[in-house]
Amino acid sequence: MIREYRTIEEVAGPLMLIKQIEGVKYDELGEIELENGEIRRCRVLEVNGSNVLVQLFDNAAGLNLSTSKVRFSGHGVQLPVSQDMLGRVFNGMGEPIDDGPRIIPEKTLDINGTPINPAARMYPDEFIQTGISTIDGLNTLVRGQKLPIFSGSGLPHANLAAQIVRQAKVRGKDEKFAVVFAAIGITFEEADFFISDFKKTGAIDRTVLFINLASDSAIERITTPRMALTAAEHLAFDCDMHVLVILTDITNYAEALREVSAARKEVPGRRGYPGNLYTDLATMYERAGRKKGSSGSITMIPILTMPEDDKTHPIPDLTGYITEGQIILSRDLYRKGMLPPVDVLPSLSRLKDKGIGKGKTRADHANVMNQLFSNYARGKEAKELMVVLGEAALSPMDRLYAKFSDEFEAQYINQSFYENRSIEETLEIGWRLLSILPKSELKRIKPEFIEQYYQN
């Protein structure tokens, strides 16, 4: 029997204190019934003896403390899951918002998930082709990896995310591939862009969308990525699918955590964020991976905007510790008109060596990747010298490297958001660029590959 309580003591912002409560647990879901019959939801944040602090999913407007009733469900926030979720659009609480019918669930799962036993994890080593040269060729995404994109305010990370959703696939296998896309704290225009783009290109058919708008409550913002990951776990480990999870924008998620922490009057950590931000982010990111005994997998691309383009800000800083690399977008490249503006040199995929090579991409991939990095870095140095000393002060070889740098940005980095390059096309462009330089400069490539691919 569900007990009802009329012992609401006070409401402060998104928080509500209820007294004389029995048998309620942390994170339990509750309902508040107003005098007019309206139902609002809440979640238990803290239990102190018989006092319970809950967080409201909706605002507290019109809530009368003396006449409102509270009851608790006995379980945390849950998501009904089914393979029928593919092609559907949900809000941050897992409710359909696409005018379609409610999902008939195969099961109902707690959105906090269950951690993957480290001994049951499989090492990521399968190449995922995104069709984007700067990722596939130089910072390769591997199945089961966590590879964040660090962006800045005003940079086109939304277009890049949409491109990855459209184009990503596991090569050479006829295995089921799905995308779970969670938009956290975005504007209505951004939400409309994602939904219409996925519908227009047909990507919606293999995608589950969770949309949380900037006007929605902070608690829904905190719930949205966990809803998405719960749906991904069902598709990956119950339906044996390869699932790519894209979460944008993690910065909005962390801001919601900070808002709740401030309302609870917790002692703040760095820049006012809660002291447990690292742990909180890790509980999300670590849900990606591959399990022994399951052919499914979860690969994750969290996207976050760095406040003031600062890589040392707590959100990108902690994300970098937990994940396996980062793709960094450059404001300078964006000003030059390079799209997507991926800053190649500071970007890194720590698992790229595991997903490339013979039988996965091509035997020359690692050599070409290392040589392109080296040449572009030297070309950038030559361009900086040119600014200080003038072009006449450069040696003929330095001028060639400066030319290589310009051509690398124009041909390799720059590609349309609707251009889908195979890994063979990406490597072909790489060889065309390397052929600007004499063979004697290609010191990181085996002679047999130079013989086979160098374009005279």
Side-chain angles (χ1 to χ4, degrees), residues 1-81 90-97 102-103 105 107-114 182 184-185 210 212-213 215-231 253 256-266 274 276 280 283-284:
M1 180 181 166
I2 296 177
R3 294 184 62 180
E4 289 188 342
Y5 299 92
R6 294 176 183 262
T7 51
I8 301 173
E9 182 71 15
E10 64 175 304
V11 176
L15 305 181
M16 185 170 77
L17 179 66
I18 314 164
K19 296 199 165 185
Q20 299 168 30
I21 303 291
E22 295 177 4
V24 171
K25 305 183 293 295
Y26 169 75
D27 214 31
E28 194 169 321
L29 197 62
E31 285 184 347
I32 305 153
E33 186 179 332
L34 275 58
E35 194 174 8
N36 62 3
E38 183 187 343
I39 300 291
R40 297 188 188 175
R41 287 169 303 175
C42 61
R43 181 175 68 109
V44 176
L45 275 186
E46 193 177 301
V47 180
N48 184 6
S50 64
N51 294 346
V52 172
L53 185 69
V54 301
Q55 183 174 10
L56 304 172
F57 284 91
D58 311 287
N59 63 48
L63 204 156
N64 187 316
L65 303 193
S66 58
T67 59
S68 298
K69 297 180 284 189
V70 183
R71 47 184 173 266
F72 294 94
S73 62
H75 58 75
V77 183
Q78 295 180 325
L79 176 69
V81 292
F90 302 88
N91 66 12
M93 294 304 298
E95 295 160 344
I97 54 171
R102 296 191 78 82
I103 295 293
K107 58 167 77 171
T108 301
L109 299 175
D110 188 293
I111 64 163
N112 294 306
T114 51
I184 308 159
F210 289 87
N212 166 256
L213 298 176
S215 56
D216 293 329
S217 66
I219 182 66
E220 185 173 317
R221 198 150 305 139
I222 295 168
T223 304
T224 303
R226 290 182 165 78
M227 287 280 177
L229 286 162
T230 303
Y253 169 82
L257 286 179
R258 181 161 69 173
E259 184 182 326
V260 173
S261 177
R264 294 179 66 181
K265 297 182 173 58
E266 292 179 343
N276 67 339
D280 195 283
T283 58
M284 286 200 312

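Please read these numbers as outputs of a predicted model, since none were measured by experiment.
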Item checked: Arg264 and Leu15: CA distance, side-chain angles, deciding distance, side chain to side chain contact (heavy atoms under 4.5 Å, CB included) verdict -> CA-CA 8 Å; Arg264 294 179 66 181; Leu15 305 181; 3.6 Å; yes
Item checked: side chain to side chain contact (heavy atoms under 4.5 Å, CB included) between Leu257 and Asn276, intermediate numbers included -> CA-CA 10 Å; Leu257 286 179; Asn276 67 339; over 6 Å; no
Check: Can Leu17 and Asn51 be said to form a side chain to side chain contact (heavy atoms under 4.5 Å, CB included), step by step?
Finding: CA-CA 7 Å; Leu17 179 66; Asn51 294 346; 4.2 Å; yes
Margin query: Is there a side chain to side chain contact (heavy atoms under 4.5 Å, CB included) between Phe72 and Leu29? Walk through the geometry before answering.
Written below: CA-CA 6 Å; Phe72 294 94; Leu29 197 62; over 6 Å; no
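Using a 4.5 Å cut-off on side-chain heavy atoms (C-beta onward), Ile111 and Thr223 make contact. The shortest distance between side-chain heavy atoms of Val77 and Met93 falls below 4.5 Å. Put simply, the side chain of Val47 reaches to within 4.5 Å of the side chain of Val44, judged on heavy atoms. Under the 4.5 Å side-chain criterion, counting only non-hydrogen atoms from C-beta, Phe90 is in contact with Ile103. With contacts defined as side-chain heavy-atom distances shorter than 4.5 Å, the pair Ile18/Glu9 does not qualify. Side-chain contact check for Phe210 versus Leu79: some heavy-atom pair is nearer than 4.5 Å. With a 4.5 Å cut-off on side-chain heavy atoms, Arg226 and Thr283 count as touching. A heavy-atom distance below 4.5 Å is not found between the side chains of Gln78 and Leu109.
A salt bridge links Arg40 with Glu38; the closest basic N to acidic carboxylate O contact falls under 4.0 Å. In this structure, Glu22 pairs ionically with Arg3, as a charged nitrogen and a carboxylate oxygen lie closer than 4.0 Å. Note on Glu33 versus Arg41: no salt bridge recorded, every NZ/NE/NH1/NH2 to OD/OE distance being 4.0 Å or above. Here Arg71 pairs with Glu31 in a salt bridge; the nearest charged N to carboxylate O distance falls below 4.0 Å. Taking a cutoff of 4.0 Å between a charged side-chain nitrogen and a carboxylate oxygen, Arg43 and Asp27 qualify as a salt bridge.
The minimum heavy-atom distance between Ser217 and Asn212, with the atom names listed, is O-ND2, 4.4 Å. Between Ile32 and Ser68 the shortest heavy-atom distance is CG2-CB, 4.1 Å. Across every non-hydrogen atom of Ala256 and Ala218, the tightest pair is CB-O, 3.7 Å. The nearest pair of heavy atoms linking Ala60 to Gly13 is CB-O, 4.3 Å. Residues Leu34 and Gly62 share a closest heavy-atom pair of CD2-O, 3.7 Å. Residues Ala182 and Thr224 come closest through the heavy atom pair CB-CG2, 4.3 Å.
In the model, Gln20 has no side-chain atom that pairs as donor or acceptor with a side-chain atom of Ser50 under 3.5 Å. Side-chain contact check for Arg258 and Tyr253: no donor-acceptor pair (N or O, by modelled atom type) lies under 3.5 Å.
Remark: Glu266 CD is packed, more than 12 non-hydrogen atoms of other residues, nucleotides or ligands lying under 6.0 Å away.
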